[in-house]
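First the proteins, then the strands, lettered A, B, ... as listed; each starts at 1.
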Amino acid sequence: QKEVEQDPGPLSVPEGAIVSLNCTYSNSAFQYFMWYRQYSRKGPELLMYTYSSGNKEDGRFTAQVDKSSKYISLFIRDSQPSDSATYLCAMSASPGTASKLTFGTGTRLQVTL
Amino acid sequence: DSGVTQTPKHLITATGQRVTLRCSPRSGDLSVYWYQQSLDQGLQFLIQYYNGEERAKGNILERFSAQQFPDLHSELNLSSLELGDSALYFCASSVGTSPAEQYFGPGTRLTVT
């Protein structure tokens with residue numbers, strides 16, 4: 001079983017829809033939770049990060065972390081065709097000797113006109 | 001543009017050869033991370049350096065090695081290349097050792113024939 005599970009999609013939604021992307025994880029040591037967006041053949045772009053549990057909002061994006069359920073979510077409001085990309089969740093335990101990120105496999109999102 | 005640069009963008013080489021991938025971190029960042037992205041494995045952490053010292057190792061093959069130089073740029077050396085080493089190789093950087101804000105470069109696409 002992988003440490004981080006993410007539905008690969010693809011997920012197709014009409015423009016203006018609310019998108020919900022999710023990841024589950026098994027490692028209770030994870031404290032940092034990140035969402036990256038990756039366009040085809042490009043490097044991952046950091047969208048948001050959250051430390052421990054709770055919600056964080058940035059423009060049209062909201063990240064939620066539920067450590068009790070080992071479940072994280074990214075919501076995209078008023079989705080746009082430019083949001084079409086692969087969304088990767090990433091997680092890490094406390095910094096110290098290692099700050100490596102463990103990634104989900106990514107969910108491919110297509111926002112249609 | 002994340003501020004992380006990687007060269008070359010593309011590399012095509014034959015099995016058994018050796019290549020060097022180069023990464024320059026964002027100005028002020030002391031940590032450099034290397035990741036491999038393949039279709040079947042997703043994004044996998046290889047190795048982390050902080051201010052010239054190795055901090056953490058992931059599932060990096062013995063045929064692979066890396067270093068970080070005094071000017072903080074980093075090189076990833078891949079030797080005795082196999083077909084299965086074909087992948088995208090990303091470098092990321094962060095200010096310190098917190099895993100929260102790692103910024104990725106555009107990647108080097110390696111094709112082994």
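The local environment of CG in B:L83 is crowded, with over 12 non-hydrogen atoms from other residues, nucleotides or ligands closer than 6.0 Å. Within 6.0 Å of CZ in B:R26 there are more than 12 heavy atoms belonging to other residues, nucleotides or ligands. With a 6.0 Å radius and a threshold of 12 heavy atoms from other residues, nucleotides or ligands, B:N77 has its CG atom above the threshold.
The shortest non-hydrogen separation linking B:F90 to A:Q38 is CZ-NE2, 3.5 Å. Summarising the geometry of B:F45 relative to A:L101, their closest heavy-atom pair is CB-O, 4.0 Å, with the distance given to 0.1 Å.
For a residue to count as touching a neighbouring chain, one of its non-hydrogen atoms must lie under 4.5 Å from one of that chain's; by this rule B:Y35 touches chain A with the side chain only. Of the two parts of B:Q44, neither the backbone nor the side chain holds a non-hydrogen atom closer than 4.5 Å to a non-hydrogen atom of chain A. Looking at A:Y36, the atoms closer than 4.5 Å to chain B (heavy atoms on both sides) all sit in the side chain, from C-beta outward.
At a threshold of 4.5 Å between side-chain heavy atoms, the hydrophobic network of Ile, Leu, Val, Met, Phe, Trp and Tyr places B:V95 and B:Y50 in two separate groups. Cluster membership check: A:M91 shares its hydrophobic cluster with A:M48, using side-chain heavy-atom separations under 4.5 Å among Ile, Leu, Val, Met, Phe, Trp and Tyr. Residues B:L61 and B:L43 do not share a hydrophobic cluster, defined by chaining ILVMFWY side chains whose heavy atoms lie under 4.5 Å apart. Cluster membership for B:W34 and B:L72, using ILVMFWY side-chain heavy atoms within less than 4.5 angstrom, is not shared. Linking ILVMFWY residues whenever their side-chain heavy atoms come closer than 4.5 Å, directly or via other members, places B:L76 and B:V19 in the same cluster.
Rounding to the nearest 0.5 angstrom, the gap separating the CD1 atom in B:I47 from the NZ atom in A:K100 is 12.5 Å. Between the CZ atom in A:R41 and the NZ atom in B:K9 there is a gap of 13.0 Å [rounded to 0.5 Å]. Note that CZ of A:F103 and CD of B:Q41 are 14.5 Å apart. Values are rounded to the nearest 0.5 Å.
Contacts with chain A (heavy atom to heavy atom, under 4.5 Å) involve these residues of residues 102-113 of chain B, listed by number: B:Q102, B:Y103, B:F104, B:G105, B:P106, B:R109.
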